[in-house]
Amino acid sequence: METLYRSTRGTGACVTASQAILKGLSDDGGLFVPTQIPTLDIPVEKLASMTYQEIAYEVMSRFLTDFTEEELKDCIDKAYDSKFDTEEIAPLAKADGAYYLELFHGATIAFKDMALSILPHLLTTSAKKNHVENEIVILTATSGDTGKAAMAGFADVPGTKIIVFYPKNGVSPIQEKQMVTQKGKNTYVVGITGNFDDAQTGVKKMFNDKEMAAELAKSGYQFSSANSINIGRLVPQIVYYVYAYAMLYKNGEIKEGEKINVTVPTGNFGNILAAFYAKNMGLPIEKLICASNENKVLYDFFTTGSYDRNRAFILTTSPSMDILISSNLERLIYRIAGDDAQKNRALMENLSKCGKYEITDSMKEQLKDFYGNYATEEETARVIKNLYQDTGYVIDTHTAVAACVYEKYKADTKDETKTVIASTASPFKFTRSVMNAIDQRYDAMGDFELVDELSKIANVKVPKAIEEIRTAPVLHDIVVDAEDMPTIVKKLLNA
Ligand SMILES: *Cc1c(COP(=O)(O)O)cnc(C)c1O
């Protein structure tokens with residue numbers, strides 16, 4: 001059956017998967033959602049015998065129905081190859097009774113590689129299918145990881161350029177170094193004097209700027225998005241939840257049909273929404289545990305039904321979750337509003353006008369699958385230290401937020417259902433925070449000294465992504481105010 005997509009704020013008109021991928025955001029400002037979630041009608045026994053790539057094909061082909069088998073398999077093969085440092089692509093590690101799904105074995109050692117290694121191929125295939133002549137310009141706002149992962153995916157992909165905006169003082173030193181050393185003739189990196197939300201708002205404005213689009217079209221360019229609002233980001237993320245379930249079954253950890261919980265360290269709500277879609281495909285997931293850091297907008301939302309971004313923005317040691325507007329939540333809101341675009345639009349208009357909205361009781365009723373909680377900075381550090389001391393396993397700060405919230409969930413509910421924790425970054429990406437959590441005295445060491453020390457205590461080889469930036473030259477040094485984003489884009493494109 002064909003899967004079509006419509007906007008969460010639109011009139012109900014449908015587009016194909018490839019059109020939704022090309023557009024990123026709908027013209028009316030809404031996000032594309034599948035008109036129905038396809039079911040995964042494959043026995044777990046069979047899934048357990050498949051490779052990551054094979055499962056990726058089974059899941060993605062049900063969503064991207066206008067891609068031919070050959071096209072989709074070609075995209076998958078180009079994405080999930082030796083860029084990953086393990087053939088398993090997303091291995092499961094068991095520690096202290098939980099299952100850590102390691103989503104950080106790609107080019108930039110964070111989970112965004114899972115989707116961003118395939119998005120460029122989905123996008124260029126979509127362009128071909130729709131006879132697009134313009135060069136595609138990817139605009140991305142990043143809180144640290146997306147930017148680098150997107151550039152790694154798009155670098156030197158013909159017919160594309162990529163411009164990444166990041167908060168100049170809102171990412172880790174290693175994240176920044178990774179970005180400003182990015183190679184590739186078609187990659188641009190711009191620092192913003194502001195926070196992630198400023199960068200994201202600036203990008204959204206450019207996407208909605210019809211005049212700018214017309215100007216760029218004259219120069220042969222059109223914008224597209226690599227942010228997690230693109231359905232081409234979301235669909236590949238469903239795959240690893242199915243894969244994790246299949247592996248648990250294969251390893252004898254669960255019986256056929258046994259339910260599991262999933263805990264996800266959440267920022268923009270993309271990763272956990274993918275788990276929600278996996279559940280809706282029929283994967284036996286019981287609870288979706290949404291973990292926030294001290295920017296706990298989502299925790300407040302799940303407990304009160306009120307989403308309110310009017311609060312101080314807190315810089316934490318899990319910067320990729322320092323977000324006050326979780327863009328992908330709109331897809332869930334649309335869903336619990338009964339696929340009612342008018343209702344959703346009204347709420348989103350409230351959000352942009354007053355910074356908040358409140359859902360109705362009947363909408364709240366439908367959030368039973370979710371549990372939300374948050375971890376403070378001290379709790380996050382304590383979890384890293386305790387897990388290391390008890391098991392020798394070292395997790396990064398984002399994953400630690402999830403591990404902490406999972407502990408709180410167990411204490412709250414006494415639920416002992418087997419639980420997968422999405423492990424979203426390698427500890428080597430946030431070395432200083434991780435090492436300081438283990439022992440404050442590490443703070444005296446230099447960045448790369450710390451990397452070597454982490455390698456020693458965790459007994460894990462230093463990832464290639466880190467080795468590479470030790471000596472790499474800085475290739476990008478532009479910094480602008482958020483309001484100058486359109487000007488710099490035109491300048492970089494000579495448009
Ligand atoms: C992006 C990111 C997150 C948050 O994922 P969302 O899909 O935005 O909710 C969590 N951890 C890390 C390391 C990330 O890079």
Side-chain angles (χ1 to χ4, degrees), residues 31 90 100-116 119 140-150 152 164 166-167 170-172 174-175 178-179 196-197 199-200 225-231 233-238 240-241 262-278 288-293 295-299 301-302 316-332 370 372 374-375 380 384 395-405 421-431 433-434 463 465:
L31 277 55
Y100 289 85
L101 178 62
E102 296 186 349
L103 303 174
F104 56 75
H105 288 271
T108 73
I109 59 176
F111 106 92
K112 298 202 173 53
D113 290 329
M114 301 304 297
L116 284 167
L119 182 70
T140 294
T142 185
S143 53
D145 288 339
T146 313
K148 177 65 189 185
V164 169
Y166 74 98
V171 301
S172 81
I174 288 185
Q175 284 179 316
Q178 278 191 309
M179 284 194 277
F196 170 70
D197 285 330
Q200 176 151 279
S225 154
N227 267 13
S228 64
I229 50 174
N230 194 310
I231 200 79
R233 283 277 299 279
L234 200 53
V235 170
Q237 293 179 174
I238 303 167
Y240 45 75
Y241 291 108
V262 169
T263 306
V264 185
T266 297
N268 235 335
F269 210 75
N271 199 1
I272 194 165
L273 188 76
F276 178 69
Y277 280 10
L288 299 147
I289 301 168
C290 176
S292 302
N293 65 22
N295 294 291
K296 57 184 184 58
V297 193
L298 287 167
Y299 163 68
F301 170 70
F302 282 117
T316 72
T317 52
S318 45
S320 302
M321 297 158 68
D322 289 345
I323 286 171
L324 294 181
I325 300 181
S326 299
S327 306
N328 266 298
L329 185 65
E330 180 169 345
R331 289 188 163 109
L332 182 65
F370 289 88
Y374 73 104
T380 304
I384 294 173
I395 54 175
D396 99 291
T397 44
H398 303 74
T399 309
V401 166
C404 177
V405 165
I421 295 175
S423 181
T424 52
S426 158
F428 286 96
K429 193 146 194 165
F430 300 94
T431 316
S433 302
V434 168

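Read the numbers this way: they start at 1 and go in the same order the structure lists the ligands and their atoms.
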When you compare the side chain of [Y] with that of [X], does any pair of heavy atoms fall below 4.5 Å?
| X | Y | answer |
| --- | --- | --- |
| Gln200 | Ile323 | no |
| Asn271 | Tyr241 | yes |
| Leu116 | Thr146 | yes |

**Message:** Counting the benzene-type ring for Trp, do Phe370 and Phe276 have ring centres under 6.0 Å apart?
**Reply:** yes

**Prompt:** Crowded around Tyr374 OH? As in, over 12 foreign heavy atoms under 6.0 Å?
**Reply:** no

**Message:** According to side chain to side chain contact (heavy atoms under 4.5 Å, CB included), who are the partners of Pro319, at least two apart in sequence or on a separate chain?
**Reply:** Gln175, Asp322, His398, Phe430

**Item:** ligand 1: protein residues within heavy-atom distance under 4.0 Å
**Value:** Phe111, Lys112, Asp145, Pro265, Thr266, Gly267, Asn268, Phe269, Gly270, Asn271, Ser320, Met321, His398, Thr424, Ala425

